[in-house]
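When reading the values below, keep in mind they use all heavy atoms of this one structure, side chains included, and skip hydrogens, waters and symmetry mates. Both ligands and their constituent atoms are indexed starting at 1 by order of listing.
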Amino acid sequence: MSVHSEIGIIGGSGFYHLNLDVTPDDSPDYLDLPTPFSETVIRLSLEKLKGGHVYFLPRHGIQHTFPPHKINYRANLWALKEAGVKKIIAVNAVGGIGANLVPGSLVLPDQLIDYTWGREHSFFDGLNSLHDHVDFTSPYDDKLREVLISAATDLDMPIIKQACFACTQGPRLETAAEIQRLKRDGCDIVGMTGMPEAALARELNIAYASVALVVNPAAGLSHELITIEKIKSVLDAGLTDVRKLLSTSLFKL
Ligand code: HPA
């Protein structure tokens, strides 16, 4: 019997394998999907868990080969759509701008501001018959966010239920002045991979939500330099919480 799923998880930095604390029913299948936007196939793993199945795609590649500005967001989203995915939970490592957004905090953004440039950010490039100008007033799907909020409540896991996600170009981190500008703009967290992923999902009519894990205070907000070593130490503990949240919410989406 062929199995599939309508749920896709996109893993971010440090999250290269799904490894949920739900016993797998079977080993994953791998789907290698060609897309019009990539010369190579996009590999999805179909994870067969007790309770259901889910596709997993680590956006940076399993060896973290692709930096944020080099990720082929269009090919990734296209492959998920081809596989039949209708709902995506994306995981993002971010810097905290708001005073309460300390390392280790889990955040469900409800808004975003896109500061990226030069990325292939739309399927509507005039070369295909798709139409343009999707409504993006609310970039994250409220129903998915509600399920995640209620899973966090069931787990007694603190979660920040609203935040504005600033998506910067990277791969360098921001200057202190840039963070002050993002703060004045009303942003609470800053990451490099939120866009165009969210908008491409909307263009393909896939419901999309992000679980953001704060891994450092944003630039200039602490006296310490931001180092990869410090980020990694927060990631390890924080991703355990993210996995718990996913395990509890996945099949209620
Ligand atoms: N800025 C941008 N992206 C990030 C950060 C940050 O401070 N931390 C993790 N991803």
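- Only the backbone of Val94 comes within contact range of ligand 1, with a heavy atom under 4.0 Å; no side-chain atom does.
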Can you check side chain to side chain contact (heavy atoms under 4.5 Å, CB included) on Ser38 and Trp78, steps first, answer last? CA-CA 10 Å; Ser38 54; Trp78 193 267; over 6 Å; no

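- For the pair Arg59 and Phe15, the cation-pi criterion (under 6.0 Å, within 45° of the ring axis) is not fulfilled.
- Separation of atoms NE2 (His121) and CZ (Arg74) is listed at 9.5 Å; rounding is to 0.5 Å.
- Atom-to-atom distance recorded for Arg243:CZ and Thr248:OG1 is 13.5 Å, nearest 0.5 angstrom.
- The nearest heavy-atom contact from the protein to atom 6 (C) of ligand 1 is Leu173 CD2, 3.4 Å.
- Of the possible polar contacts, one joining the Gln169 side chain to the Trp117 backbone as a donor-acceptor pair under 3.5 Å is found.
- For atom 10 (N) of ligand 1, the closest non-hydrogen atom of the protein is Ala93 O, 3.3 Å.
- When each atom of ligand 1 is checked for a heavy atom of Glu174 under 4.0 Å away, the hits are 1 (N), 2 (C), 6 (C), 7 (O).
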Using the rule given for side chain to side chain donor-acceptor pair (under 3.5 Å), can you reason through Thr35 versus Glu82, listing the C-alpha separation, both sets of side-chain angles and the distance that settles it, and then say yes or no? CA-CA 9 Å; Thr35 83; Glu82 282 283 294; over 6 Å; no

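- Counting only heavy atoms of the protein, atom 5 (C) of ligand 1 lies nearest to Gly95 N, 3.4 Å.
- Ranking the protein heavy atoms by distance from atom 4 (C) of ligand 1 puts Val190 O, 3.6 Å first.
- Nearest protein heavy-atom contact of atom 3 (N) of ligand 1 is Gly191 CA, 3.4 Å.
- Between Gln162 and Gln111, the closest side-chain pair of non-hydrogen atoms is not below 4.5 Å.
- The Val215 neighbourhood of ligand 1 comprises atoms 8 (N), 9 (C), with distances under 4.0 Å to a heavy atom of that residue.
- Of the protein's non-hydrogen atoms, the one nearest atom 7 (O) of ligand 1 is Asn216 ND2, 3.0 Å.
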